[in-house]
Participant: 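I have a structure I would like to understand better, so I am pasting it below and will then ask my questions one at a time.
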Amino acid sequence: MFALRVLAGLFAGPLFAGCSKMNYGWFSDKVRAAAVGFIMSGPAVGNAIASMAFTPMVATRGYKVAFIWAGIATIAVGVIGLVFLKEKGLAKASMKEKKTAEEKKADTVDAVKVFTREDFLIGSLMHMIIVGAGMGYSTWILAYLIQEKGLSAAAAGALFGSSQLLGLVSGTLSGVLSDMLKTRKWLLIVSSVVACICFVLFTKVTSLTVLTMVAFVTQLSNACTGNPSNAMQTERAKGPNAGKVMGWYNAICQLGSVIYPTLTGAVIAATGRYE
């Protein structure tokens, strides 16, 4: 299982860098955050569908069937991308150039200079925490709703999944808001505080209606945290080597998806509690 997860992560790695660089070719700076938000709403929508469809499937038919269907969907997405995705502008420029070894080395040096800037490194570490918190939340919430709140697997999946469906619009909405306010930092700060309050509320309330409302607010605040962070990094990396820089950035960010679920699981195992 661990090896399969590693392979899945390995082959998913280029996706973020590719989407980031394609963003430069298709969208202007005036709508950069909105474009980033719309593109990155995909994982939230997928997570919503997976939570509603696969949680009961796993409970009734086992993990293997769920993995098979997820694999079929992944292959289908790859074929659709190959056929329909088009590149232009900055996203396509490097494809036309045949560079010497020295030129490639110089490009890498330039990319390293962008990546090692203080603001970019701080932004990368910050987003690692954001990704980790989101993955820790996803690891924790379904088990918490079932074990501590007494919900069925289907009800817990429906509650969490329905809130994740907000991701269809929350990413774009946060991006539009960021572009309108002309600030990434303050939207991120305020949303982080709201997300922390929501995590506490999950452990305090018992009403299913209120839990659902908290889940929806959590999803919206997470979008208003992660999207401005990605938008800032996309703007900082803009240039001919953006693909490299954003790929390295994503590698650091995804460490959060390794560290936080592991820590969350270890705490639950050690304490026997989900609160």
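Note that this is a predicted model, so its numbers are computed, not measured.
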Participant: Work out which heavy atom in Ile252 is nearest to a heavy atom in Ser124; give both atom names and the distance.
Facilitator: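 Looks like CG2-O, 3.8 Å.
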Participant: Could you tell me whether the side chain of Met1 reaches within less than 4.5 Å of the side chain of Phe67, counting heavy atoms only?
Facilitator: yes
Participant: Just wondering, are more than 12 heavy atoms of other shown residues or ligands nearer than 6.0 Å to CZ in Arg61?
Facilitator: no
Participant: Between atom CZ of Phe2 and atom CG of Leu7, what is the distance when rounded to the nearest 0.5 Å?
Facilitator: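 The distance works out to 10.5 Å.
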Participant: Which heavy-atom pair separates Ala223 from Ser170 by the least distance, and what is that distance?
Facilitator: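 Looking at all heavy atoms of both residues, the closest pair is CB-OG, 3.5 Å.
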Participant: For residues Gln233 and Gly123, report the shortest heavy-atom separation together with the two atoms involved.
Facilitator: NE2-C, 3.6 Å
Participant: Working to the nearest 0.5 Å, report the span between CG of Leu211 and OG1 of Thr206.
Facilitator: 7.5 Å
Participant: What verdict does the side chain to side chain contact (heavy atoms under 4.5 Å, CB included) test give for Leu151 and Leu208, after you've listed the backbone C-alpha separation in whole Å, the side-chain angles of each residue and the deciding distance to 0.1 Å?
Facilitator: CA-CA 9 Å; Leu151 300 183; Leu208 183 61; 4.0 Å; yes
Participant: In the structure I gave you, are the side-chain heavy atoms of Leu181 and Trp186 within less than 4.5 Å of one another anywhere?
Facilitator: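 When only atoms from C-beta onward are counted, Trp186 and Leu181 do not touch, as no gap falls below 4.5 Å.
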Participant: Is there a side-chain contact between Ile129 and Tyr260 in this structure, where contact means two heavy atoms from C-beta onward sitting under 4.5 Å apart?
Facilitator: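 Yes, close enough: below the 4.5 Å cut-off.
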Participant: If the plane angle is over 60° it's perpendicular, under 30° parallel, otherwise tilted; pick one for His127 and Tyr249.
Facilitator: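 It falls in the tilted class, 30° to 60°.
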Participant: Is there a continuous path of hydrophobic side-chain contacts, each under 4.5 Å between heavy atoms, that joins Phe202 to Val210?
Facilitator: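 Same hydrophobic cluster.
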Participant: Measure from the side-chain N and O atoms of Ser178 to the backbone N and O of Ser174, and report whether any donor-acceptor pair falls under 3.5 Å.
Facilitator: no
Participant: Compare every heavy atom of Ala237 with every heavy atom of Val245, then report the nearest pair and how far apart it is.
Facilitator: CG1-CB, 3.7 Å
Participant: Is the shortest heavy-atom distance from the side chain of Thr225 to the side chain of Ser229 under 4.5 Å?
Facilitator: no
Participant: Any non-hydrogen side-chain atom of Asp179 less than 4.5 Å from a side-chain atom of Arg184?
Facilitator: yes
Participant: State, with a plain yes or no, whether a side-chain heavy atom of Leu173 is found less than 4.5 Å away from one of Leu220.
Facilitator: yes
Participant: Decide yes or no for Thr116 and Phe120: does some side-chain heavy atom of the first lie under 4.5 Å from some side-chain heavy atom of the second?
Facilitator: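 Not in contact.
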Participant: Answer with yes or no whether the hydrophobic clustering places Ile146 together with Val214; edges join I, L, V, M, F, W, Y residues whose side-chain heavy atoms lie under 4.5 Å apart.
Facilitator: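 As far as the 4.5 Å side-chain criterion goes, Val214 and Ile146 are not connected within one cluster.
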Participant: Going by the rule side chain to side chain donor-acceptor pair (under 3.5 Å), which residues pair with Ser138 if we only count those two or more places apart in sequence or in a different chain?
Facilitator: none
Participant: Mind checking whether Phe160 and Tyr137 have ring centres under 6.0 Å apart?
Facilitator: yes
Participant: Would Leu187 and Val193 show up in the same hydrophobic cluster when neighbours are defined by side-chain heavy atoms closer than 4.5 Å?
Facilitator: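 No, Leu187 does not connect to Val193 through the hydrophobic network.
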Participant: Rounded to the nearest 0.5 Å, how far apart are CG of Leu263 and CE of Met135?
Facilitator: 13.0 Å
Participant: About how many Å separate CG of Asn230 and CD of Glu235, when rounded to the nearest 0.5 Å?
Facilitator: 11.0 Å
Participant: Do you know which two heavy atoms are closest between Ile130 and Gly226, and how far apart they sit?
Facilitator: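 Heavy-atom minimum between the residues: CG2-CA, 4.0 Å.
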Participant: Say you draw a straight line from CD of Gln147 to CD1 of Ile268; how long is it, rounded to the nearest 0.5 Å?
Facilitator: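 Reported to 0.5 Å precision, the distance equals 9.5 Å.
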Participant: With rounding to the nearest 0.5 Å, note down the distance linking CG in Asn250 to CG in Leu255.
Facilitator: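 Taking CG in Asn250 and CG in Leu255, the distance rounds to 10.0 Å.
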Participant: How are the rings of Trp140 and Tyr144 set to each other: parallel, tilted or perpendicular (split at 30° and 60°)?
Facilitator: parallel
Participant: Can you list the residues that meet the salt bridge (charged side-chain N to carboxylate O under 4.0 Å, His left out) rule with Arg236, with sequence neighbours excluded?
Facilitator: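 Expected list: Asp119.
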Participant: State, yes or no, whether a side-chain contact exists between Met232 and Leu188 at a heavy-atom distance under 4.5 Å.
Facilitator: yes
Participant: Can you confirm whether Met57 is buried at CE, in the sense that more than 12 heavy atoms of other residues, nucleotides or ligands lie under 6.0 Å from that atom?
Facilitator: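 Counting neighbours around CE of Met57, more than 12 heavy atoms of other residues, nucleotides or ligands fall under 6.0 Å, so yes.
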Participant: Give a yes or no on whether Val83 and Ile80 share a hydrophobic cluster (residues Ile, Leu, Val, Met, Phe, Trp, Tyr; joining criterion: side-chain heavy atoms under 4.5 Å apart).
Facilitator: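 The answer is yes; both residues are in one hydrophobic cluster.
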Participant: Whether the side chain of Lys244 engages the backbone of Val112 through a donor-acceptor N/O pair (distance < 3.5 Å, no angle test) should be reported.
Facilitator: no
Participant: Go through Leu145 and Leu159 one step at a time and tell me if the side chain to side chain contact (heavy atoms under 4.5 Å, CB included) criterion holds.
Facilitator: CA-CA 9 Å; Leu145 292 173; Leu159 188 156; 4.0 Å; yes
Participant: Search all heavy atoms of Val217 against all heavy atoms of Cys198 and return the closest pair with its distance.
Facilitator: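 For Val217 versus Cys198, the nearest heavy atoms are CG1-SG, 3.5 Å.
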Participant: Just do the side chain to side chain contact (heavy atoms under 4.5 Å, CB included) check on Val65 and Trp69 with the steps written out, would you?
Facilitator: CA-CA 6 Å; Val65 174; Trp69 278 107; 3.7 Å; yes
Participant: Return yes if some donor-acceptor pair links the side-chain N/O of Ser221 with the main-chain N/O of Thr218 below 3.5 Å, else return no.
Facilitator: yes
Participant: Given the rule that I, L, V, M, F, W and Y join up when any side-chain heavy atoms are under 4.5 Å apart, are Val169 and Val176 in one cluster?
Facilitator: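 Different clusters: Val169 never reaches Val176 through Ile, Leu, Val, Met, Phe, Trp or Tyr contacts under 4.5 Å.
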